[in-house]
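Right, one structure below, let's go through it.
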Amino acid sequence: MTAEHKESAVEAQATATRDIYIPSERASVSGGGRPHVVAKDFSIYYGDFQAVKKVNADILSQYVTAIIGPSGCGKSTFLRAINRMNDLIPSCHTTGMLQFDGEDVYGKLTDEVLLRKKIGMVFQKPNPFPKSIFDNIAYGPRLHGMTDRKQLQAIVEKSLRKAALWDEVSDRLDRNALGLSGGQQQRLCVARTLAVEPEILLLDEPTSALDPKATAKIEDLIQELRGSYTIMIVTHNMQQASRVSDYTMFFYEGELVEYAETAQLFTNPKDRMTEDYITGRFS
Amino acid sequence: MNLGTRKILDNSFTAVGMGSIVVMALALLVVLTPIVYNGVGSVFFTGTIEHRTMLYKEFGRGDAKAIETQTATADRYRAEAYRMLSDFEQEMEGMSLEASRQYRSKYAPVRAAMSSLLGPLPGDPVPMLTRFQYGQTRWEKAEEKLHNILYEKKWDYSDPTVMAKAFDVPRAEEFAGTKLAPLFSYAERHLADMMQPQFTVYWGFFTDRSLDAHIFGGIWPEIQGTFFLAIGAMLFAFPLGVIAAVYFTEYAKEGFFTSILRSANSTLAGVPSIVFGLFGLAFFINTMKVSESKSVLAGALTLAIMILPTIIRAAEEAILSVPKTYKEASLGLGSTKWNTIVTVILPAALPGIITGGIISLGRAAGETAPIIFTAAVSVGSAIGIADVFSSPTPALSWNIYNLASEHEMASEIRHVQYGMVLSLVSIVLLLNLSAILLRAKISQKLKG
Amino acid sequence: MILKRILLLLTVLLFAPVDGGAADGGIVIDGSTTVGPIAKSFAAYFTGRYGVPVTVSESGSGNGAKSLINGTCDIAAMSRAMKSREIAAGATKGVSPKEHVIALDGIAIVAHPSNPVPSITKAQIAAIYQGRITRWNAVGGPNARIVVIQRESNSGTQGSFRELVMGKGVKITRDAETQASNGAVKNRVSSTPGAIGFLGLGFVDSSVKVLGVNGVMPSPATIQNGSYPVSRPLYMYTDGEPKGEVKRFIGLPETVDGKRIVEELGFIAK
């Protein structure tokens, strides 16, 4: 992230007004733009190996931020750090500061379970539970104490509609979710995440296992959700990043090389490395 | 390596593989054929009137009228044989002392063989033991006894420096000229009339108690004991095993302690079962005093310890084979670790866990050594569910051993031994089959 | 469907009303395989007559004694008298074994039916079991190797045999083969032409040949009058004076029915 950007973000936080460039073809989001996730000198280690190196960045609320970079650059690791998914790896630890809504994500008193409720995640491979479609969506609400069948039904329908899946599955909610196609499964996973009403959606290469048609639907879905949720998407696909995102972060070898508005980063990258990557000199 | 060598290698490997499968199938056939053939013989056989009478008197089953008429017919033919015996006994009274003594010693085995075939002879007191109160209940045994009546097996001991050879002497020759002589041809001709053989289906073999140490009756107490022990063992081992597996896979930190625990578990899985039996006696009965004497409880606990490692291993593998993505998805939705385990991981691991469990159940049902000192008795009645804490029980595995090697009339009750073996094999097979079905069903449900 | 049926079957099995009734106050017998037939028949008789369940384990005299000492059985059936060592062990646990002779038994010396030797002397048997005689022709038989069969150390019959035939402290040859029960000895001897073994008289049948000892064949008469040299009493032990049902059970050998059971089984009523 460039210095100017950082300053402007801090400024935005201070004045609670936004003054950043929005590409003309993308509408600005009302009420959005406050720093939702803030990284300060944030590093992630696997044992001794530093996978993410001293990242400083503000992720702005209600906008779509894409994270790109070659394989092994730490982009997924960074994403998974936000809802503490990396806790599953015993050797993983962090330094520096990562804040979500002003709260220290890795603070001693932070309840990662509450945190994850607010930060939903959709994974690279569609991973519905081997349960019915209904039970998949209702899993989260039930977890958080909802037992009333009517309420659950309402949430399931609402979530499926938001994920643009309702019309396809409304007549077979009791069928096993594993019977759906890959694209449907992935949208189901989005719906399942939406059912717990998160503030942030983390999408970890959500279309890498899907065919182009299903990918298009997911991308449409992201457009639909933009403005309602802060969305972060890790992707290998630079066209996808440029299509769906407002801001783009470019990671290389664990470092955040460049962070800018998507249009600017793709048309006029400041860093040589970024340019080489987006023009396909390496991948 | 050239193509020719590679082909030869491939083919010979295939041949060896096929060969070992064929050998295994043959071995299975050789083992199972007599078990099935003879075991089925404990239920389906040609029974004599003695069998029907015994069932009617001891268990109150059977067609009283038919038995009465058949008994009447049989008695008519038997009366003739009995007459010959008593005629001869009278004849002996009139003989010279020397001749009478000679005949008496030869006559005693004939009388014993007749009594063994037909039951107590007229004038004999009613025996105390049920086994002597009836004649032969099975036709093939009756034919054997007839042979003992007709022939005397003798050994030629004339030359003490060589091992003797056996030869049969027809008794008819020995008693030629006496009033007993016609008995032998009479018995041979009228064996069927005297015994009234009939094809019999004796389902009671599975549901009756045993009479007089398994000489007659069924094996219900053994079957029930086997179920009590196996299911009791599961009640302890299954929850414990699953919890331990969850600990190993989800909670334990990899380290010295965990690897010690793991290898302890693997070692336990390889410990001979008799060691568990002795442990059960020393720990559960003599130290913990879970019961006054041997009991189903002590036996079930011992079996539980024995199968625990297998269940832990099976459950551990099943849990590890659950895709990590399920766990991520659940945690990502804000689920706690414990909730994730209960609502996502265990249900998904269920087919594997259940398979391991039921195979262990089969093993618990089939093991002998762990229950010798902790639960099994050779004679005891079927017990109620309330008695499992205090009473020992007969059980198939142990009683097969007992009947085959320790029983005083082992060679007379081969059909019971085979019946028990067949029952045990069937129970284990049934359990494994249900494991397969259950697994298929749950897997299908999970797959959608 | 099949699953449900199996589950149903299991449930029915578990909670099925069973005959036999409550085992409360039942009698637990453990011990000798030789006494086994008597114990089992007494048990059946006793349960049939008084409705008291009796369970019988045949784990050997030594284990019977251990069970009594540990308080895990009511009656220890033994084919030898309790050793002073066992009585001492009982005393430390507050158990004072009381001896009851229930029958007499001859230890039959048996060989394969094809063996022409009709009778041997006690001294010859001892010599065979010590390994000093290894061929049948030394005792008037064919020139064949003697396969010596003995019982396990836990066996009361083994104990009695050693005491009656070998004398105290005399070791049995290491070549002797060990079988774990009377039935197993009978099986082994009846299938091995050169074998010699010893059995409780109640286990003898036509598959083995009984050898006379010092010219005397074992029979109720010769055992009762003491002319057959290898005979011993069979015992049941209780902890102290028996009480209640146990007392009634221990009294069975004194009854007419009890004596007849013992005799029908081929043992000798006392």
Side-chain angles (χ1 to χ4, degrees), chain B residues 125 127-130 132 153 155-166 209 211-213 220-221 223-224 227-228 231 281 285-286 291-294 372-373 376-387 390-394 402 404-411 430 434 437-438 441, chain C residues 2-3 6 10 13-15 17-24 26 28 33 36-37 40-41 43-45 47 53-59 63 67 70-73 112-118 137 140-144 180-184 187 193 202-203 205-207 209 257 260-261 264-265:
Chain B
M128 290 300 300
L129 295 172
T130 320
F132 296 132
K153 192 176 194 182
W155 296 85
D156 175 18
Y157 295 136
S158 54
D159 183 358
T161 60
V162 293
M163 284 291 179
K165 282 198 174 58
R209 72 201 147 86
L211 274 186
D212 198 2
W220 172 245
I223 293 181
Q224 199 200 25
F227 271 100
F228 275 153
I231 292 173
L281 171 67
I285 295 184
N286 289 343
S291 55
E292 291 264 304
S293 63
K294 294 178 181 183
I372 296 178
F373 302 113
V377 289
S378 34
V379 157
S381 37
I383 57 170
I385 189 88
D387 300 322
S390 57
S391 295
T393 179
N402 177 257
S405 82
E406 290 181 351
H407 198 282
E408 66 272 21
M409 292 176 83
S411 58
L430 198 80
S434 62
L437 286 177
L438 200 65
K441 199 180 159 108
Chain C
I2 299 166
L3 282 176
I6 291 170
L10 287 179
L13 268 175
L14 268 177
F15 296 101
V18 282
D19 57 351
D24 274 352
V28 178
T33 61
K40 288 188 286 188
S41 297
Y45 173 82
T47 308
V54 183
T55 58
V56 180
S57 313
E58 297 159 284
S59 51
N63 284 329
S67 291
N70 284 321
T72 59
C73 73
H112 191 266
S114 68
N115 196 320
V117 174
N137 52 8
N143 184 14
S181 65
N182 284 294
N187 276 343
F203 287 84
D205 62 23
S206 63
S207 67
K209 175 183 182 176
D257 286 357
R260 281 184 57 200
I261 292 175
E264 282 178 20
L265 286 167

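Because only heavy atoms are used, hydrogens play no part in the values below, and waters and symmetry mates are left out as well, while side chains stay in.
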Side chain, backbone, both or neither: which part of C:Asn143 has an atom under 4.5 Å from a heavy atom of chain B?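 Backbone of C:Asn143 only, per the 4.5 Å heavy-atom cut-off to chain B.
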Residue pair B:Thr161 / C:Asn137, side-chain heavy-atom distance below 4.5 Å: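 No, every pair of side-chain atoms sits at 4.5 Å or beyond.
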For the residue pair B:Phe373 and B:Ile285, establish whether any side-chain heavy-atom pair is separated by less than 4.5 Å.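 Not touching, per the 4.5 Å side-chain cut-off.
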Could you tell me whether the side chain of [X] and the main chain of [Y] form a donor-acceptor pair under 3.5 Å?
X: C:Asn63; Y: C:Ser59; result: yes
X: C:Glu58; Y: C:Gly36; result: no
X: C:Lys209; Y: C:Val117; result: yes
X: C:Glu264; Y: B:Met128; result: yes

Heavy-atom pairs under 4.5 Å with chain B: which of [options] has the most?
options: C:Ala44, C:Gly71, C:Pro113; result: C:Pro113
options: C:Thr55, C:Ile261, C:Val56; result: C:Val56
options: C:Asp257, C:Asp205, C:Val28; result: C:Asp257
options: C:Gly183, C:Pro193, C:Pro142, C:Cys73; result: C:Pro142

Under 4.5 Å from a heavy atom of chain C, the part of B:Glu408 involved: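 Backbone plus side chain of B:Glu408, per the 4.5 Å heavy-atom cut-off to chain C.
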Which atoms of B:Asp156 come close to chain C, meaning under 4.5 Å heavy atom to heavy atom: side chain ones, backbone ones, both, or neither?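 For B:Asp156, no heavy atom lies under 4.5 Å from chain C.
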Option that, when pairs with chain C are counted at under 4.5 Å, heavy atom only, ranks first among [options]:
options: B:Ala376, B:Ser291, B:Pro392; result: B:Pro392
options: B:Asp212, B:Asn402, B:Ile372; result: B:Asn402
options: B:Glu406, B:Lys165, B:Met409; result: B:Glu406
options: B:Pro125, B:Ala410, B:Pro127; result: B:Pro127

Write down the atom of C:Pro116, the atom of B:Pro160, and the distance for their closest heavy-atom approach.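 Looking at all heavy atoms of both residues, the shortest contact is CG-O, 3.3 Å.
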Taking atom types as modelled, find out whether C:Ser206 and B:Lys153 have a side-chain donor-acceptor pair closer than 3.5 angstrom.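 No - no donor-acceptor pair under 3.5 Å links their side chains.
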